[in-house]
Asker: 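Quick one: structure below, then a few questions.
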Amino acid sequence: MILAGVGGQGNVLSARILAETAMRAGYSVKTSEVHGMAQRGGSVVCMVRWGREVYSPLIPRGRADFLLAYELLEGLRFLEYLRPGGTVLVNEYRLDPLPVLRGDAAYPEESLELLREAAGNCVVLRARDLATEAGSTRAVGTVMLGALSAFLEFPDNAWEESLRERIPPKALEANLRAFVLGRKATGERSGR
């Protein structure tokens, strides 16, 4: 699993919740995270692997089952890691990087189409809108996890326990609602 976004979107916290949930479900888990130059706005990618035995946190190119793209361009940057027939869950959100803001580069307007074409299954979410509906614009990562949960067979109580452990109490209820909204947004597509 690859989680790709920019600093401040919550994908590091999401990766930790995902890893903890996989452990609660009885798997061996390894994680990796790489932060870009900027704390907020720089590229951030996390890799999470789980199974009976996992020896490395790194996912080779072309081997990820899932790509969670918290931002369109970041999804494109890490698309090469997705296996043929893999699933992309993409937040339909655009954050122009500095070269685009300076006018030195153009943002690829066809980002969403490219992600759809490359994935075996592509689920497009308006995660920020769902997070706002849940009561917190900061719950985008939890919406994304809720969407992902519709594709995984981790027990519901493992997800909830991990969320309760990692999310601060003042933000917990909004995040629990965000998780449910994310799951509902993809439940029909996953077949679960």
Side-chain angles (χ1 to χ4, degrees), residues 1-24 29 31-48 66-78 87-98 100-101 107 111-112 115 122-152 154 156-187 189-190:
M1 171 103 31
I2 304 281
L3 296 90
V6 295
Q9 286 191 295
N11 56 331
V12 171
L13 176 59
S14 296
R16 291 176 182 165
I17 291 168
L18 174 59
E20 194 165 304
T21 302
M23 285 190 292
R24 289 178 191 277
V29 180
T31 64
S32 168
E33 52 189 68
V34 177
H35 304 262
M37 295 288 287
Q39 254 186 337
R40 294 215 177 260
S43 182
V44 177
V45 64
C46 301
M47 296 182 180
V48 181
F66 291 90
L67 169 62
L68 269 70
Y70 289 61
E71 194 273 340
L72 291 164
L73 184 58
E74 293 304 316
L76 282 179
R77 287 183 189 181
F78 291 93
T87 298
V88 173
L89 288 93
V90 59
N91 179 18
E92 193 173 359
Y93 177 73
R94 173 182 167 162
L95 181 65
D96 290 348
L98 189 56
V100 171
L101 293 173
Y107 194 99
S111 299
L112 189 54
L115 288 166
C122 184
V123 177
V124 180
L125 300 158
R126 291 188 169 270
R128 188 176 175 106
D129 292 347
L130 293 172
T132 300
E133 182 181 335
S136 172
T137 58
R138 297 186 58 162
V140 168
T142 309
V143 169
M144 298 294 285
L145 287 178
L148 175 65
S149 75
F151 293 88
L152 303 177
F154 296 156
D156 290 345
N157 66 324
W159 285 107
E160 185 172 340
E161 289 169 12
S162 298
L163 287 164
R164 288 187 181 281
E165 181 157 321
R166 292 286 179 170
I167 303 291
K170 67 181 180 179
L172 182 60
E173 290 308 313
N175 275 269
L176 291 172
R177 287 190 298 270
F179 185 86
V180 170
L181 289 172
R183 177 176 252 179
K184 285 180 180 176
T186 57
R189 295 183 185 128
S190 68

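Side chains included, hydrogens not; waters and symmetry mates left out as well; all remaining heavy atoms used. Predicted model only: the values in this text are computed from it and were never measured.
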Asker: Identify the two heavy atoms, one from Thr186 and one from Ala150, that lie closest to each other, and give their separation to 0.1 Å.
Answerer: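 So the two residues come closest at OG1-CB, 3.4 Å.
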
Asker: What distance separates Leu115 CG from Glu92 CD, expressed to the nearest 0.5 Å?
Answerer: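 Between Leu115 CG and Glu92 CD, I get 10.5 Å after rounding to 0.5 Å.
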
Asker: Just grab all the side chain to side chain donor-acceptor pair (under 3.5 Å) pairs involving residues 169-179, residues at least two apart or on different chains.
Answerer: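 Output for this query lists Thr142-Asn175.
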
Asker: Can you see which heavy atom on Asn91 is nearest to which on Ala127, and at what distance?
Answerer: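 Closest pair (atom of Asn91, atom of Ala127, distance): OD1-N, 3.1 Å.
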
Asker: Once side chain to side chain donor-acceptor pair (under 3.5 Å) is applied, do any residues pair with Glu133, and if so which ones, sequence neighbours excluded?
Answerer: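 Partners of Glu133 by the side chain to side chain donor-acceptor pair (under 3.5 Å) criterion come out as none, since no residue qualifies.
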
Asker: Check whether any side-chain heavy atom of Asn11 lies under 4.5 Å from a side-chain heavy atom of Leu68, and answer yes or no.
Answerer: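 SC-SC contact between Asn11 and Leu68 ruled out.
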
Asker: Using 0.5 Å steps for rounding, measure from the CG atom of Leu73 to the OG atom of Ser43.
Answerer: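 The CG atom of Leu73 sits 8.5 Å away from the OG atom of Ser43.
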
Asker: Can you list the residues that meet the side-chain contact (heavy atoms from CB on, under 4.5 Å) rule with Ser136, with sequence neighbours excluded?
Answerer: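 Applying side-chain contact (heavy atoms from CB on, under 4.5 Å) to Ser136 gives Arg138, Ala139, Ala174.
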
Asker: Any side-chain heavy atom of Leu176 sitting closer than 4.5 Å to one from Arg164?
Answerer: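 Side chain of Leu176 against side chain of Arg164, heavy atoms only: contact under 4.5 Å found.
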
Asker: Look at the aromatic rings of Phe66 and Phe151 and report parallel, tilted or perpendicular, splitting at 30° and 60°.
Answerer: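 Perpendicular, since the angle between the ring planes exceeds 60°.
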
Asker: Write down the atom of Glu71, the atom of Glu74, and the distance for their closest heavy-atom approach.
Answerer: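 Looking at all heavy atoms of both residues, the shortest contact is OE1-N, 2.9 Å.
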
Asker: Could I get the full list of salt bridge (Lys or Arg N to Asp or Glu O under 4.0 Å) partners for Arg94, not counting sequence neighbours?
Answerer: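 Salt bridge (Lys or Arg N to Asp or Glu O under 4.0 Å) list for Arg94, sorted by chain: Asp96, Glu109.
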
Asker: I'd like to check the side-chain contact (heavy atoms from CB on, under 4.5 Å) partners of Ser111; sequence neighbours left out, ordered by chain and number.
Answerer: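 side-chain contact (heavy atoms from CB on, under 4.5 Å) check on Ser111 returns Leu72, Leu76, Tyr107, Pro108.
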
Asker: I'd like to check the side chain to side chain donor-acceptor pair (under 3.5 Å) partners of Arg24; sequence neighbours left out, ordered by chain and number.
Answerer: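 With sequence neighbours excluded, Arg24 shows a side chain to side chain donor-acceptor pair (under 3.5 Å) to Glu20, Glu161, Ser162, Glu165, given in chain and number order.
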
Asker: Quick check for you: to the nearest 0.5 Å, what is the distance between Leu3 atom CG and Arg16 atom CZ?
Answerer: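 One gets 12.0 Å once the value is rounded to the nearest 0.5 Å.
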
Asker: Could you list the residues that satisfy ring-ring contact (aromatic ring centres under 6.0 Å, His included) with Tyr70, not counting sequence neighbours?
Answerer: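 ring-ring contact (aromatic ring centres under 6.0 Å, His included) check on Tyr70 returns nothing, list empty.
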
Asker: Could you check whether any side-chain heavy atom of Arg77 comes within less than 4.5 Å of a side-chain heavy atom of Val45, counting everything from C-beta outward?
Answerer: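 Side-chain contact under 4.5 Å: no.
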
Asker: Restricting to non-hydrogen atoms, name the atom on Ala147 and the atom on Leu125 that form the minimum distance, rounded to 0.1 Å.
Answerer: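 Reported closest heavy-atom pair: CB-CD1, 3.6 Å.
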
Asker: Applying side-chain contact (heavy atoms from CB on, under 4.5 Å), name anything that partners Leu13, two or more places apart in sequence or on another chain.
Answerer: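 Leu13 satisfies side-chain contact (heavy atoms from CB on, under 4.5 Å) with Ile17, Arg166, Ile167 once adjacent residues are dropped.
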
Asker: Taking all atoms of both residues into account, what is the closest heavy-atom pair of Ala131 and Val140, and its distance?
Answerer: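 That would be CB-N, 3.7 Å.
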
Asker: Cys122 and Val90: which non-hydrogen atoms are nearest, and at how many Å?
Answerer: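 Looks like SG-CG1, 4.0 Å.
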
Asker: Donor-acceptor pair, distance only, cut-off 3.5 Å: does the side chain of Glu33 make one with the backbone of Val12?
Answerer: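 Flag not set: sc Glu33 to bb Val12 has no pair under 3.5 Å.
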
Asker: For Val180, what residues pass the side-chain contact (heavy atoms from CB on, under 4.5 Å) criterion, not counting sequence neighbours?
Answerer: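 Val180: side-chain contact (heavy atoms from CB on, under 4.5 Å) contacts with Lys184.
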
Asker: Is there a side-chain contact between Thr21 and Leu152 (heavy atoms, below 4.5 Å)?
Answerer: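 Side-chain contact under 4.5 Å: no.
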
Asker: According to ring-ring contact (aromatic ring centres under 6.0 Å, His included), who are the partners of Tyr93, at least two apart in sequence or on a separate chain?
Answerer: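 Here no residue qualifies.
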
Asker: Kindly compute the distance separating CZ (Phe179) from CG (Asp156), expressed to the nearest 0.5 Å.
Answerer: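 Nearest 0.5 Å value for the CZ-CG distance: 7.0 Å.
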
